[in-house]
Every structure is written in structure tokens, then in C-alpha cells.
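Treat the numbers as computed from the prediction; the structure is a model and nothing was measured. To find a chain, count down the sequence lines: A is the first, B the second, and so on, and within it residues start at 1. Heavy-atom basis, side chains included; hydrogens, waters and symmetry copies ignored.
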Amino acid sequence: MAARGPGRVSVLLPTYNERDNLPLVVWLLVRTFNDSGIDFEIIIIDDGSPDGTQEVAQQLEKIYGSDKILLRPRARKLGLGTAYIHGMKYATGNFIVIMDADLSHHPKFIPEFIRKQKEGNFDIVSGTRYKGNGGVYGWDLKRKLISRGANFLTQVLLRPGASDLTGSFRLYRKEVLEKLIERCVSKGYVFQMEMIVRARQLGFTIGEVPISFVDRVYGESKLGGNEIVSFLKGLLTLFATT
Amino acid sequence: MTKLCQWLCGLALLGSAWAALALAPPGLQPPAPLRQALLPLPIYLLVAFGCYSLATVGYRVATFNDCEEAAAELQEHIKAARADLRRRGLRL
């Protein structure tokens, strides 16, 4: 008897002004899932993008079918945590994949996430840029230094049991993601960190898969002093409260 | 117990052990060589940790993988995706 598949995988794609990238990432997702025979659905949560992202999403829904492409938009930019909560209400899969819609995360890693999940029966599988042959494209020395420095500080202070805490390319069991989102209060990078820290607190198991992160946005959006300060504030808050 | 608490407890434990030995009254002092090593120990450990941190972060930055092939592959996939989507009727 053939081994059972993982059941359905629901991909949550929060978008804001991703009119150019959205069709590409959806095309890659569809191809990856069809090639690997995994049942899937893609839930696009657009926060009222002014650049026409929703029109493109509607065209994709026509092309691939509304059972595969679920459009669940919101009126305005309301933040990542609430986007996940909103998207999960409509997810029918056993597993939820969260990822960026700007092509920095390549869908080809999702079958590897699933393989890893089966291997250790993990509650969460996290893509890591820092281990194995994981890595980054498009970062200069300064950016790499900040990234590794911040990660080192996080490891020392939080001892989280995962190598890449600020990464946002992950697979969660649906019930696990639901439980974690209820408890997480931070925003931005720190939100992703808090998810892992709380997961450990609750005794959930975390597996890791090396991924490549292709940053095509870094040139336009430098990592500013503000973001570094809010990261440190968030890190210290987690240090003091978890 | 929060991480902050763990750190404070650990530091309190080590700190009091150090203070008891290094700052003991004359009657209860450990032998001179031990005392000489003990007194600057906190500073030594701090400096050692600082060096370890710099070395570790430096090593990790130097060995940070540059995913050239991944970037090239992505470009190929983007081309293929655009062509196929156009065929399927996507108007950009």
C-alpha cells in the first residue's frame, strides 16, 4: 500500500504591493506541488494594496481555480500576525506554510519541509539560512555582519534551540500555529522570534531545513537604525518575559 | 523562570561564590596563589567571552553561504513563469 501523503498543505501568502511577484510565486508554488503530488491550496491575504495586486490575484484565481487560489483580502495594512489569523480561518490543510511573497523564499523547499516533518514528526519545520548549505544571495558584508551579530546575541540570550529565529519560511501543524498565534504579541522580526520561543515553551518540536534566501529587495530597503533598535527592544522584552 | 531570571540566579550564584572566596576575611582566606587568580577572574571571563563572541561572529560572517546558483536558478524560473503565465492568459 502506498504511503499516505501529508494531506493538504495550506500556504498563507500575506501580500502588500506584490503585483509583480505574486504571479511568479504562485506559478512556482503550483508547479512545485503538482510535481511532488502534494495536495495544496494558496490563501492570498492582501492588505488593500494600491498597486493592483488584487486584480492580478483575481486573474490567478481564474487560471488555477478558486479551490486552489483563495482570495481573502483585507481593507488595509493590518500586520502579519493578524494576516495569519485571518488566513487560517479559511485554511483546510493539516499543515500551514508561511513564506514571503517577494520570491526571497523559493517554493522548491516546501517538499523538503514536508519530508523533514515526516522524518521527525515535528510540530514545526523552520527554514534556516545559517546551517548546512543554507545561505543568502544579495547581502553585502555589513548586512551579513548585522545578521550574524543579531543572531549570535539572540542565541546567547534566548538559547532557543533553532538556528534561524528571524526567518519566516516555515511549516507548522495547523493546531500548533493556532495555539502560538494566540500567545504572540510582538511585531515584525520579533514576531517570528517569539513564535519559536513560545513553541519551545509549550514543548513543541522544531526541525530545520537549510534554505537559500535570495534578497532582491535589499538594495532598495536598507536595514536602518530604527529596525535595529526595535529588534533589540523586542529581543530584550523576550529575554525578560519568556 | 524567564531567561532574565535564569541569568540573574546564575550570576548571583557565581558572584557570591567568587565574593566568598576572593573577599574573605583574613582567617578564612584560601592560599595566596589561588586568591591572586581569583580576584581578576570576572574580568578575565568577560574579556574571554568578548573574544569568543568576536571570533564566532567573524567566522560565521566569513563562512556565510552566498547562494549564486539559487539566484541564477530563480532568474530562469522567472522567465519560464512569465512565458507560461502569458500563455495561460495572464495580463500584467
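- Using a 4.5 Å cut-off between heavy atoms, A:Asn133 contacts chain B through both its backbone and its side chain.
- Proximity to chain B is limited to the side chain of A:Lys108, based on heavy atoms less than 4.5 angstrom apart.
- In terms of heavy-atom proximity, A:Ser212 sits nearest to B:Cys67 at CB-SG, 3.4 Å.
- Looking at B:Tyr59, there are no atoms closer than 4.5 Å to chain A (heavy atoms on both sides), in backbone or side chain.
- In terms of heavy atoms, B:Ala81 sits closest to A:Leu24 at CB-CD2, 3.7 Å.
- Separating the CD atom in A:Gln155 from the OG1 atom in B:Thr56 is a distance of 11.5 Å, to the nearest 0.5 Å.
- The heavy-atom pair separating A:Arg148 from B:Val57 by the smallest distance is CB-CG1, 4.2 Å.
- Judged by distance alone, with hydrogens and angles left aside, the side-chain atoms of B:Asp66 form no donor-acceptor pair with the main-chain N or O of A:Tyr137 at under 3.5 Å.
- Scanning both residues, A:Trp27 and B:Asp84, for their nearest heavy atoms gives NE1-OD2, 2.7 Å.
- Under a cut-off of 6.0 angstrom, the local environment of CZ in A:Arg72 is crowded, with over 12 non-hydrogen atoms contributed by other residues, nucleotides or ligands.
- Contacts with chain B were tallied for A:Pro210, A:Gly134, A:Gly149; A:Gly134 has the most, counting heavy-atom pairs under 4.5 Å.
- Note on A:Leu158, A:Val56, A:Asn21: by heavy-atom pairs under 4.5 Å with chain B, the leading option is A:Leu158.
- Only the side chain of A:Ile63 comes within contact range of chain B, with heavy atoms under 4.5 Å apart.
- Side-chain atoms of B:Arg88 and A:Gln59 include no donor-acceptor pair closer than 3.5 Å.
- Between B:Leu4 and A:Leu157 there is no side-chain heavy-atom pair separated by less than 4.5 Å.
- Interatomic distance, A:Leu236 CG to B:Lys3 NZ, rounded to the nearest 0.5 Å: 14.5 Å.
- What you find for B:Trp7 and A:Val156 is that their closest heavy atoms are CZ2-O, 3.6 Å.
- Annotation: cation-pi pair B:Arg60/A:Tyr130 absent, no NZ/CZ under 6.0 Å from the ring centroid and within 45° of its normal.
- Counting heavy-atom pairs closer than 4.5 Å to chain B, the top residue among A:Arg159, A:Arg129, A:Glu55, A:Arg31 is A:Arg159.
- Ranked by heavy-atom pairs under 4.5 Å with chain A, the first of B:Ala70, B:Cys5, B:Gly58, B:Ala71 is B:Ala71.
- Ring geometry, A:His106 versus B:His77: the interplanar angle exceeds 60°, so the pair is classed perpendicular (tilted spans 30 to 60°).
- Across every non-hydrogen atom of B:Leu74 and A:Leu28, the tightest pair is CD1-CD1, 4.4 Å.
- Under the 30°/60° scheme for interplanar angles, the aromatic rings of A:Phe152 and B:Tyr52 are found to be tilted.
- At a 4.5 Å heavy-atom cutoff, B:Glu69 makes no contact with chain A through either its backbone or its side chain.
- Atom CG of B:Asn65 sits about 15.0 Å away from atom CZ of A:Phe213, to the nearest 0.5 Å.
- Atom CG of A:Leu141 sits about 11.0 Å away from atom CZ of B:Phe64, to the nearest 0.5 Å.
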